[in-house]
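One structure is given below, encoded as structure tokens.
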Amino acid sequence: MSDLLESVMAGVPVDLIRLEGEGNSVILRVLGSARRAHPAGACALAAEFLVYTPFVRGTLKTWISPEDLREWQQALDSLDTGRNIAWRDGASAPWLLIDLDEHDDRCHVTIKDQSMSLTTVTVTVPLVDTWFDDAYRRLDLVWETWPHGDNHMPD
């Protein structure tokens with residue numbers, strides 16, 4: 001059994017996104033399912049962005065819908081082909097932007113909160129090819145852990 005799956009079974013939150021290295025990290029941690037005042041009373045996953053650098057540390061709570069997970073899959077596919085991505089750009093939720101550095105194996109990760117804190121932070125982290133396998137595995141684990149159909153997630 002994988003360490004990630006064992007963590008989930010033990011009730012430990014799951015990191016959907018984990019970009020880290022060189023003393024910097026950006027993590028999107030899924031905390032579990034929760035009902036939220038959302039269009040049509042849909043359920044969503046409670047989550048939080050965690051940003052750690054020697055200079056900046058912060059946490060930003062958010063929600064993730066099934067549509068967000070589908071869009072993250074598409075964003076991963078685009079990033080894997082070498083394109084910059086903007087996930088949830090224009091949404092009322094915090095945005096995640098990843099710009100690839102064309103000169104080395106790094107990326108610039110920006111978290112933009114347009115609705116509550118009105119804060120934007122950009123962190124540079126390494127992005128190597130092996131990261132993608134882990135990222136797809138994390139996404140699959142979230143889908144498996146909180147299965148849903150037609151935008152419904154269990155309590």
Quiz item: Considering residues at least two apart in sequence or located in another chain, which fulfil the side-chain contact (heavy atoms from CB on, under 4.5 Å) criterion with Y52?
Solution: S25, L50, R57
[X] to [Y] - nearest heavy-atom pair and separation:
| X | Y | result |
| --- | --- | --- |
| W143 | P66 | CH2-O, 3.7 Å |
| P94 | F49 | CB-CE1, 3.9 Å |
| L45 | L69 | CD1-CD1, 4.3 Å |

Quiz item: Mind checking whether P54 and N24 have side chains closer than 4.5 Å, heavy atoms only?
Solution: yes
For a quick test of your reading: what N or O donor-acceptor pairs under 3.5 Å do the side chains of residues 114-129 make, sequence neighbours left out?
| from | atom 1 | to | atom 2 | distance (Å) |
| --- | --- | --- | --- | --- |
| S115 | OG | S92 | O | 3.1 |
| S115 | OG | D113 | OD1 | 3.4 |
| S117 | OG | D113 | OD2 | 2.8 |
| S117 | OG | T119 | N | 3.4 |
| S117 | OG | T119 | OG1 | 3.3 |
| T119 | OG1 | S117 | O | 3.1 |
| T122 | OG1 | T110 | OG1 | 2.8 |
| T124 | OG1 | H108 | ND1 | 2.9 |

Quiz item: Same cluster or not: are V30 and L139 linked, directly or through other Ile, Leu, Val, Met, Phe, Trp or Tyr residues, by side-chain heavy atoms under 4.5 angstrom apart?
Solution: yes
Exercise. Using the salt bridge (Lys or Arg N to Asp or Glu O under 4.0 Å) rule, take D134 and R137 through it: C-alpha gap first, then chi angles, then the decisive distance, then the call.
Key: CA-CA 5 Å; D134 185 57; R137 187 172 54 94; 2.5 Å; yes
Gap separating the [atom1] atom of [X] from the [atom2] atom of [Y], nearest 0.5 angstrom:
| X | Y | atom1 | atom2 | result |
| --- | --- | --- | --- | --- |
| W95 | T62 | CH2 | OG1 | 13.0 Å |
| Y136 | Q73 | OH | CD | 6.0 Å |
| L19 | L96 | CG | CG | 7.5 Å |
| E48 | L28 | CD | CG | 9.0 Å |

Exercise. Mind checking side chain to side chain donor-acceptor pair (under 3.5 Å) for Q74 and listing every partner two or more places apart, or none if nothing turns up?
Key: none
Quiz item: Which pairs count as salt bridge (charged side-chain N to carboxylate O under 4.0 Å, His left out) when at least one residue sits in residues 76-97, sequence neighbours excluded?
Solution: D68-R88
Quiz prompt | Counterpart residues, ring-ring contact (aromatic ring centres under 6.0 Å, His included), relative to W87 (two or more places apart) | solution = W72
Exercise. Before giving the answer on side-chain contact (heavy atoms from CB on, under 4.5 Å), spell out for R138 and D15 the whole-Å C-alpha distance, their side-chain angles and the decisive distance to 0.1 Å.
Key: CA-CA 7 Å; R138 289 177 182 285; D15 294 344; 3.5 Å; yes
Expected list for residues 97-105: side-chain donor-acceptor pairs under 3.5 angstrom, two or more places apart:
| from | atom 1 | to | atom 2 | distance (Å) |
| --- | --- | --- | --- | --- |
| D101 | OD1 | H103 | N | 2.9 |
| D104 | OD1 | R106 | N | 3.0 |

